4 protein chains.
Amino acid sequence: MQSFKVGILGATGAVGQKFVRLLQGHPWFKIAALGASERSAGKLYRDAANWIENSEMPDEIGKMTVADCVPDAMGGVDFVFSGLDASVATEIEQSFAAAGIPVISNAKNFRDHPDVPLLVPEVNPDHIELIRRQSFSTNATGFIVTNPNCVCVPLVMALRPLYDSFGIESVIMTSMQSVSGAGYPGVPSLDILGNIVPHIGGEEDKIMSEPMKLLGTKQADGTIKHANFPIQATAVRVPVIEGHLLSVAVKFSNKPAKLSDVKEAIRAWKNPLAAMNLPFSPETALKLFDDPRYPQPGRHAGAGNGMQVSVGRLREGRVFDVSFVALGHNTIRGAAGGAILNAELLVNEGYL
Amino acid sequence: MQSFKVGILGATGAVGQKFVRLLQGHPWFKIAALGASERSAGKLYRDAANWIENSEMPDEIGKMTVADCVPDAMGGVDFVFSGLDASVATEIEQSFAAAGIPVISNAKNFRDHPDVPLLVPEVNPDHIELIRRQSFSTNATGFIVTNPNCVCVPLVMALRPLYDSFGIESVIMTSMQSVSGAGYPGVPSLDILGNIVPHIGGEEDKIMSEPMKLLGTKQADGTIKHANFPIQATAVRVPVIEGHLLSVAVKFSNKPAKLSDVKEAIRAWKNPLAAMNLPFSPETALKLFDDPRYPQPGRHAGAGNGMQVSVGRLREGRVFDVSFVALGHNTIRGAAGGAILNAELLVNEGYL
Amino acid sequence: MQSFKVGILGATGAVGQKFVRLLQGHPWFKIAALGASERSAGKLYRDAANWIENSEMPDEIGKMTVADCVPDAMGGVDFVFSGLDASVATEIEQSFAAAGIPVISNAKNFRDHPDVPLLVPEVNPDHIELIRRQSFSTNATGFIVTNPNCVCVPLVMALRPLYDSFGIESVIMTSMQSVSGAGYPGVPSLDILGNIVPHIGGEEDKIMSEPMKLLGTKQADGTIKHANFPIQATAVRVPVIEGHLLSVAVKFSNKPAKLSDVKEAIRAWKNPLAAMNLPFSPETALKLFDDPRYPQPGRHAGAGNGMQVSVGRLREGRVFDVSFVALGHNTIRGAAGGAILNAELLVNEGYL
Amino acid sequence: MQSFKVGILGATGAVGQKFVRLLQGHPWFKIAALGASERSAGKLYRDAANWIENSEMPDEIGKMTVADCVPDAMGGVDFVFSGLDASVATEIEQSFAAAGIPVISNAKNFRDHPDVPLLVPEVNPDHIELIRRQSFSTNATGFIVTNPNCVCVPLVMALRPLYDSFGIESVIMTSMQSVSGAGYPGVPSLDILGNIVPHIGGEEDKIMSEPMKLLGTKQADGTIKHANFPIQATAVRVPVIEGHLLSVAVKFSNKPAKLSDVKEAIRAWKNPLAAMNLPFSPETALKLFDDPRYPQPGRHAGAGNGMQVSVGRLREGRVFDVSFVALGHNTIRGAAGGAILNAELLVNEGYL
């Protein structure tokens, strides 16, 4: 198997650190460059980063010198992962793509660009062909691929088989989101210890829009026709470290005859990555629990090395057809790990 | 003002302790008898109760001898508050009512009895007239009045003005419930520290049924005609000590023209207790926040001495007409404090 | 009783907000001016302060215009409370004292000034006479009084009777400190949810030095002779909102014959404020629990409206004579509330 | 390498479940029998155990039938791990040893038996020779080996090099202990969310006595001469899931010249297991952090798969020579994982 030299944009931030940790021991990808802001560039990584991961910073990474986030300063990488802040991602990511360096981004800036795949490999792998429509780079090797908001991953993973089997008319949901989703320093402890904050700025808009593109259908002309159903979302912050738990009610377009049909649709879902042997593809990508106590963020967010999406409490509703809860690890599956799986799919499909 | 000697049934349990604490300094009600199970009867209260309230056990209460929960053993009380477990409440509460002693109960056992008021004084004060239909006692002085499940209080308080103004077609909601709702020892810390448990046994059924009676209409024959709209509820346990936060989506029967009409309906709501000067009636019974960060259980559950219901994030929805969050203190407003306010209303109306 | 117009320096910060809340309804002190930094000056308080208290901001305070922290801008106040950051407190507090305005400060800047009382009213009330030695103001009406670090209050309250009865040779202790002690935004939730951080910058030095002045003895010349015993302290941050719990081991100079002598020394301690009727003086200033489960921050930090110091688990040690735990509310007793009690003592003694 | 069939006594409890999880994939030990109380015996493990581990119950274990905790019912095992409650461990463990089946126990019952090794492999590996003095079994193949209380492991790991280099005169310490140490259901969430409980029944006695045996010296006659210095300990419960953090002050017998000598003693310590290639022996058994923020239970309890002991904040003290904090994973290193490492050492030394 080919080996790739990868760079990380925004390497000192919370998402960047997660990329660093998750890529340790990766069989295909080796960190060759760490990019960050002017404030950090030129320093050793161990001096520039306020390491917040639970495992210790890898020694060989700590000794690397942080580069500026410009293509020239990070020369020799095969592609970059981006954990950049939205405030700077547009320009920097474009400059890398323009320089012929593929950008696998966790930032939101290009998620709604019509030619940029918004990708969850198990959900819409065929969307990667959008890359061919991109024109960020003149020499055709640079492109941008994004992964969605951390709530959208467990949501669309759970909805994919339901949408395919029964169609969806509407969704009403509440997402109970962990503090790691706010980065570092993020949520002050005085605001959240033993408390819930019923508002997360900008979050609900993403939850209501990104799934439409993710569940969209590739057209003959190569564009994506978005799905079209309304989502009404409330996003709240809870005192949990990792894992977003969603309480979801769904009204189907074609009401299934019985609840067991809905369970069967989820259990019969075929993971399109199953035969690809991608390192970050979990054994079970979508797990349906029958035990009503599960899933729980504290017990199941880390399942499948944080890449499994867990669903539970699937039951008939009095208003909409079904209610269920869905759980995903927000900083692995919903951020850095999702981007790494995106890169693995791109390797498998010959784009990297 | 008249003074009442009150007894507490189930005085050593979590709800009973809350009754004890809340009644300290009450201008009308004085604790005259403490009833508990055989295991505790005969002991001093301070030896029988594993006191879990934050303030210290009042000395004069600690020195009282716990009685059996039988009318003869608690003689001389004007009425009793019941914090009994559902497993024993039916028989004991009936026996007190039969003995001519009014029972103001927090237990669920008689909530759906057609002749027993299920009462939130601000929501359905006229339901107390159901008492006249009761026949628990032959001498007509004994009766039973109940307060609802702790989630239902903030729910119906918030829905009352909306139901009256626009009618309600459906509700989809998620309740994020604090651990005090499970009593003591209740939820093991290993299950809930930094975690969410997506299931609370039996809770969702109560949330879906009790509001129908609470929002019901008194008929000419004195019975209550229940409201009739479906609620689809998901109840989860969160690592919060006090305060249940509800995320609610409502579809109206008669869609209001604009969001401000909905806000106005809540703000213009007239508290029927406003002129009664009931000690436990909070200055603001229903508060609507405009700040999107509020209400929060950690900051607002205790508002109005735990008797205020707080609403926030009221906004238009893409599926149903509106979404909002509502908060109530589950062990005060949703339990002992609610029962005390019920008793105060009964005094005001001449039933006690 | 005389009434005083008071100003608050640093009124928008965490300590300043606590002053605002605690002074609501104070029988002697009425907030007449709110001072803050340039960034806030000129704004309404409700716009300038990110209110983090649990109760709502009082309306009449929200409507006040924030002033610059200069004497001219806060004219007409009888004295000021200071919740200023240490970075600016020296100059501002001096300027108010120089202008003849007494400063009752929670800042650390003047705590070790030989002529400034470092005051816990129950512990060293006679130290207020140091004021007469001050020369901050030419007209003799301006002065500065400080209260100690939040850990030192429960520590010296507990040590006062022991020091007086048996002398103290050494103390080894660990303080488990709540997140409110770090202000706002303070400790990131990612650092402390379900975690302990074993270091609080600068804290241990204060714990080891301030008690020496607090337990010091007034000399014939009016100066304070510091106590002289070593304290070895470890300060850690724990996921608690309010209340610092100290685990303390003490070696006495004169070993008491038996443990009950030590308990008796604490229980027989006479509160010098007992007869003064100061509004913030709690009924029980120093409580010794026999129940080994107590005191606990979650249950007892708020005792006596946050002004009580609680001690428990007093027992013989194998190395030093005794071990015990002590608890104090860090943002009330250990900060704003302590300063208010200082002001009340100053009123009682004729200094204000 | 030889393979062993192992049984687990108390397999359905919290410690037993940890044994089950930790032994998954163990290269030497394969679970062949699961023993539990009468209530569970005869059921499938998945029906008998209320699984509280974060990872899912292994399928093949779930299908095993739980046996009674008697040697005949668990025939064919090479040895057993015991996670039994102290209330039943004495008789059951003795019966297995008598039947010739070695017992590697986490229970406290035989820890102070003069012929039973109380073993931390890195600290006192030579104590295993005590086995030869045992007479539980007539045929000489049955024996009992124990591991210590969960606080004692990080304590003696940290003290070992200090004791060897400088001798120890006294220790004063506070242990901040996570809720998993209390088993399941264990600590009620109402007692510990945002709180500290300053008492853990029976814990301090173990902390003060077990280190004496662990640091004891093997005598010519094969017995262990206990170490002899006093420990004064306070054990409190904190809202942390895993990891006990100790705040320790030590007075040496022979005061080192400077702090760096103490650090050097720890860093120069040779792990006696280093060359043995034991599967559960972590790469770094004793880690000394220089960063004053570390170690933290939330970030470092899991280091070395939960088998590393971490030390930090080592500094000079004003009363005793040094203060430091030490951290160990209480349910892995301090319980099941420690027992597994004991078994591995016994294999390496030919006792199994």
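These numbers come from a predicted model, not from an experiment. All chains are named by letter (A, B, ...) in the order of the sequence lines, taking the proteins before the strands, and each is independently numbered beginning at 1.
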Pick from D/Ile241, D/Val171, D/Leu245, D/Ile172: which one has the most heavy-atom pairs with chain C under 4.5 Å?
D/Ile172

Return the option, out of C/Gly243, C/Gly312, C/Pro239, with the maximum number of heavy-atom pairs under 4.5 Å with chain D.
C/Pro239

Which of C/Pro292, C/Ala249, C/Pro230 touches chain D most, by non-hydrogen pairs under 4.5 Å:
C/Pro292

Heavy-atom proximity to chain C below 4.5 Å, by part of D/Met208:
both

With respect to chain D, which residue among C/Arg237, C/Gln232, C/Met176, C/Gln296 yields the maximal number of heavy-atom pairs within a distance under 4.5 Å?
C/Gln232

Considering only heavy atoms, which portion of D/Val197 lies under 4.5 Å from any heavy atom of chain C: side chain, backbone, both, or neither?
both

Chain C: which of D/Arg315, D/Glu242, D/Glu169, D/His199 shares the most heavy-atom pairs with it under 4.5 Å?
D/His199

Salt bridge flag under 4.0 Å for residues D/Arg313 and C/Glu204
yes

Region of C/Val322 that comes under 4.5 Å of a non-hydrogen atom in chain D
backbone

Mind ranking D/Ser247, D/Ala301, D/Ser178 by heavy-atom pairs under 4.5 Å with chain C and telling me who comes out on top?
D/Ser247

Go through C/Val120 and C/Leu214 one step at a time and tell me if the side chain to side chain contact (heavy atoms under 4.5 Å, CB included) criterion holds.
CA-CA 7 Å; C/Val120 174; C/Leu214 285 156; 3.8 Å; yes

Pick from D/Arg318, D/Arg293, D/Arg299 with the largest number of heavy-atom pairs that fall under 4.5 Å of chain C
D/Arg318

Considering only NZ, NE, NH1 and NH2 on the basic side and carboxylate oxygens on the acidic side, decide whether C/Asp290 and C/Arg267 come within less than 4.0 Å.
yes

Just by distance, with hydrogens left out, do D/Glu53 and D/Ser55 show a side-chain donor and acceptor under 3.5 Å apart?
no

Could you go step by step and tell me if C/Gln17 and C/Trp51 meet the side chain to side chain contact (heavy atoms under 4.5 Å, CB included) rule?
CA-CA 7 Å; C/Gln17 292 186 25; C/Trp51 188 252; 3.5 Å; yes

Scored by heavy-atom pairs under 4.5 Å with chain C, the best of D/Pro198, D/Gly298, D/Ser170 is D/Pro198

Which one wins on heavy-atom pair count under 4.5 Å against chain C: D/Val325, D/Ile196, D/Leu193, D/Thr234?
D/Ile196

So does D/Arg333 pair up with D/Glu122, basic N to acidic O under 4.0 Å?
yes

Report which part of C/Phe320 has an atom under 4.5 Å of a heavy atom belonging to chain D: side chain, backbone, both, or neither.
both

Looking only at the aromatic ring of each residue, does the gap between the centers of D/Phe229 and D/Phe252 stay below 6.0 angstrom?
no

SB check C/Glu210 C/Arg111 (cutoff 4.0 Å)
yes

Under 4.5 Å heavy-atom distance to chain C, tell me which part of D/Val236 shows up: side chain, backbone, both or neither.
side chain

Hey, would you say the D/Phe289 and D/His300 ring centroids sit under 6.0 Å apart?
yes

Under-4.0 Å salt bridge between D/Asp321 and D/Lys251
no

Where does D/Ile231 contact chain C at under 4.5 Å (heavy atoms): side chain, backbone, both or neither?
backbone

